[in-house]
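Working notes, structure below.
Proteins get letters first, then strands, A, B, ... in listed order; numbering begins at 1 in each.
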Protein chains: 2
Amino acid sequence: MRKALGDSNKMKENTRQRLIDATYEEVYSHGYQGAALADILANAGVHKGSMYHFFANKKEMALAAINEKIAERFGTRYLAIAKGDRDYLANFFEGLRDLNQRDFRRGCPVANIVQEMSNIDEDFNTAMKEIYAKFRQSVKIIFDKAVSVGELRSCDTAKLALFTTSTLEGAILSAKASGNSQDYLDCVECLISYIESYKHG
Amino acid sequence: MRKALGDSNKMKENTRQRLIDATYEEVYSHGYQGAALADILANAGVHKGSMYHFFANKKEMALAAINEKIAERFGTRYLAIAKGDRDYLANFFEGLRDLNQRDFRRGCPVANIVQEMSNIDEDFNTAMKEIYAKFRQSVKIIFDKAVSVGELRSCDTAKLALFTTSTLEGAILSAKASGNSQDYLDCVECLISYIESYKHG
DNA sequence: AAACGATTTGACCAAATAGTCAAGAGGGTG
DNA sequence: CACCCTCTTGACTATTTGGTCAAATCGTTT
């Protein structure tokens, strides 16, 4: 029966998805090395043997979680702006200023894993390099669009995107270090005024 | 005998210092959670019981290492510039551009620990908050001096220092993520041009 | 030289860790 | 109904982890 098959697949996907979600949360909160498999399983409500049916080991599961959850996140957040047909900069700035999109206690999921794992494990290094490059690329696309509609003057948007993403990551870090989200906002305003210096031309 | 007493203290300090050094290196390379006590002891050439004579536990030793080694580092690097009597900005920029002062593979020791530990452990959170605040403060002092000798126009140096340190941390992160130190240099040039926009006035 | 405190040694321990596995449940298909 | 494949269960293991401790060592003081 089609319906029964569908349910079966849904259950399977459900278990796998619960593992992915719980792994992402645990890694985001405690880092990869600090993530306890037992806690992930408890939070997902999945038994150990079941987990090893879906993933070869902790590392593979974590990499899957990172790729799927972060790709999902960035896919919606930044690409949506580039999909529009104007107000690229304004929409981008609005997103930067929106504190609801940020969790300063835990910081940026990407930055956390880059800092912890890039120099420790080659597979993590590769994965994070890709994700971070995609982040920069999607910001560059926003700037390119902004140039194309005259919101920015023609400039090296790749470098501008690099500077923007770097500063953004630094701003989140500062707020995490100080425990003060105002630090993030102050940085963002400086960043925006820098970007706006490319407006007229 | 004075001499013998001196030697004894030196030996004691030697053991403790070797532990501090090895702990700092291990934590810098693998993070706190990834730092294996056994490796630290092996690298320091110190036995376990001996270590527990000097430190209550792994955490206390790591906190001591972080405080002593990073305080030492920042004490020399940034305070030295403020101690001079001119060319504050030029000296600061020169330091930023000097790649020899950076290890992009491992990133910034401060940022690494903030990212890993600030939301996990209250003692680490407190320690890193202090260190990061000192970092910002020492950069602010450089800018204040620059204002006082007319290298910068009068402005909110606290915010400028916040933006500068944040962007710097973000630049180091970007280079760590991409494995390309040029990314750091590009960010630094953007940052410098931003700071220089406060020159005339 | 005896006594003392500070340091070192290395064996030992309990807890936690990731990972294994054999047995079974459950639904889909012949 | 019996077979099969996917998925689940939970006990088990091997290893590593941070931490303990009693005995020995060493220099200093009396």
Side-chain angles (χ1 to χ4, degrees), chain A residues 1-24 26-27 29-66 116-117 120-121 123-124, chain B residues 1-24 26-27 29-66 116-117 120-121 123-124:
Chain A
M1 247 184 254
R2 282 287 157 211
K3 183 177 176 293
L5 180 67
D7 283 355
S8 170
N9 280 341
K10 187 158 59 178
M11 283 308 288
K12 168 178 167 176
E13 273 312 299
N14 197 320
T15 299
R16 201 193 108 96
Q17 195 56 47
R18 287 207 313 275
L19 283 169
I20 291 286
D21 292 348
T23 300
Y24 177 75
E26 175 74 9
V27 170
S29 291
H30 297 89
Y32 172 71
Q33 300 181 102
L37 217 40
D39 290 351
I40 294 174
L41 296 173
N43 287 332
V46 173
H47 289 266
K48 187 168 278 193
S50 198
M51 174 222 133
Y52 277 95
H53 173 75
F54 288 99
F55 301 101
N57 48 44
K58 179 190 172 186
K59 182 172 144 182
E60 293 305 316
M61 183 165 71
L63 286 171
I66 291 166
E116 182 191 3
M117 299 302 294
I120 290 182
D121 182 281
D123 296 319
F124 274 93
Chain B
M1 251 185 248
R2 281 286 158 216
K3 184 178 175 296
L5 178 67
D7 283 354
S8 169
N9 280 342
K10 186 158 59 178
M11 283 308 289
K12 168 178 166 175
E13 271 313 298
N14 196 320
T15 299
R16 201 193 108 96
Q17 194 57 46
R18 286 207 313 276
L19 283 169
I20 291 286
D21 293 347
T23 300
Y24 176 76
E26 176 74 9
V27 170
S29 291
H30 296 90
Y32 172 71
Q33 300 181 101
L37 216 41
D39 290 350
I40 294 174
L41 296 172
N43 287 333
V46 173
H47 288 264
K48 187 168 276 193
S50 198
M51 174 222 134
Y52 277 94
H53 173 74
F54 288 100
F55 301 101
N57 48 43
K58 180 191 173 187
K59 181 172 146 182
E60 292 305 317
M61 183 165 71
L63 286 170
I66 290 166
E116 182 190 2
M117 299 302 296
I120 291 182
D121 183 280
D123 295 319
F124 274 92

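Look at B:T15 and you won't find any side-chain N or O under 4.0 angstrom from OP1 or OP2 of C:dT7. Within the structure, every side-chain polar atom (N or O) of B:H47 is placed at least 4.0 Å from both OP1 and OP2 of C:dT8.
DNA chain C is contacted by both A:D39 and A:A56; A:D39 maps to the nucleotide lying nearer its 5′ end (nearest heavy atom per residue).
Closest to the side chain of A:F54, from the set C:dT7, D:dG18, D:dT8, is D:dT8. Listed nucleotides C:dT8, D:dT9, C:dG19 differ in distance to B:H53; the shortest reach to its side chain belongs to C:dT8.
How far CD of B:E60 is from OG1 of B:T23: 12.0 Å, rounded to the nearest 0.5 Å. Rounded to the nearest 0.5 angstrom, B:L19 CG and B:R16 CZ are separated by 8.5 Å. One distance of note links OH of B:Y24 with CE of B:M61; it measures 15.0 Å at 0.5 Å rounding.
In this entry the distance linking CZ of A:R16 with P of D:dT8 reads 13 Å, nearest Å. For the pair B:L41 CG and D:dG19 P, the interatomic distance rounds to 11 Å; values are reported in whole Å. What separates OH of A:Y52 from P of D:dG10 is a distance of 18 Å, to the nearest Å. When rounded to the nearest whole Å, the span between CE of A:M51 and C1' of C:dG19 equals 9 Å. Rounded to whole Å, the distance from CD on A:E26 to C1' on C:dA18 is 14 Å. Look at CZ on A:F55: it is 18 Å from C1' on C:dT20, rounded to the nearest Å. Rounded to whole Å, atom P of C:dG19 lies 8 Å from atom NZ of A:K58. Atom CG in B:L37 sits roughly 19 Å away from atom P in C:dA14 (whole-Å rounding).
Residues B:L41 and B:M51 approach most closely at CD2-CB, 3.7 Å, considering heavy atoms. Here the shortest heavy-atom pairing between B:I66 and B:F124 reads CD1-CE2, 3.6 Å.
Recorded end-axis angle for the helix from C:dA1-D:dT30 to C:dG27-D:dC4 stands at 10°, based on five pairs per end and rounded to 10 degrees.
Legend: residues meeting side-chain contact (heavy atoms from CB on, under 4.5 Å) with B:E26, ordered by chain and number and at least two apart, are B:H30, B:A35, B:A36, B:D39, B:I40, B:N43. Applying the salt bridge (charged side-chain N to carboxylate O under 4.0 Å, His left out) rule to B:K59 yields the partners B:D121, B:D123; only residues at least two apart in sequence or on another chain are considered. Under the side-chain contact (heavy atoms from CB on, under 4.5 Å) criterion, B:A64 pairs with B:I20, B:F55, B:E68, sequence neighbours left out.
In this structure, the side chain of A:E116 engages the main chain of A:Q33 through a donor-acceptor pair within 3.5 Å.
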Exercise for review: Decide side-chain contact (heavy atoms from CB on, under 4.5 Å) for A:H53 and A:T15; before the verdict, give the C-alpha distance in whole Å, the side-chain angles of both, and the deciding distance to 0.1 Å.
Suggested key: CA-CA 11 Å; A:H53 173 75; A:T15 299; over 6 Å; no
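Using a 4.0 Å cutoff on non-hydrogen atoms, the parts of residues 29-36 of chain B near DNA chain D are B:A35, B:A36, ordered by number.
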Exercise for review: Give the B/S/- string for nucleotides 11-16 of chain D, one per nucleotide from 5' to 3', where a protein heavy atom under 4.0 Å of the base yields B, of only the sugar-phosphate yields S, and otherwise -.
Suggested key: ------
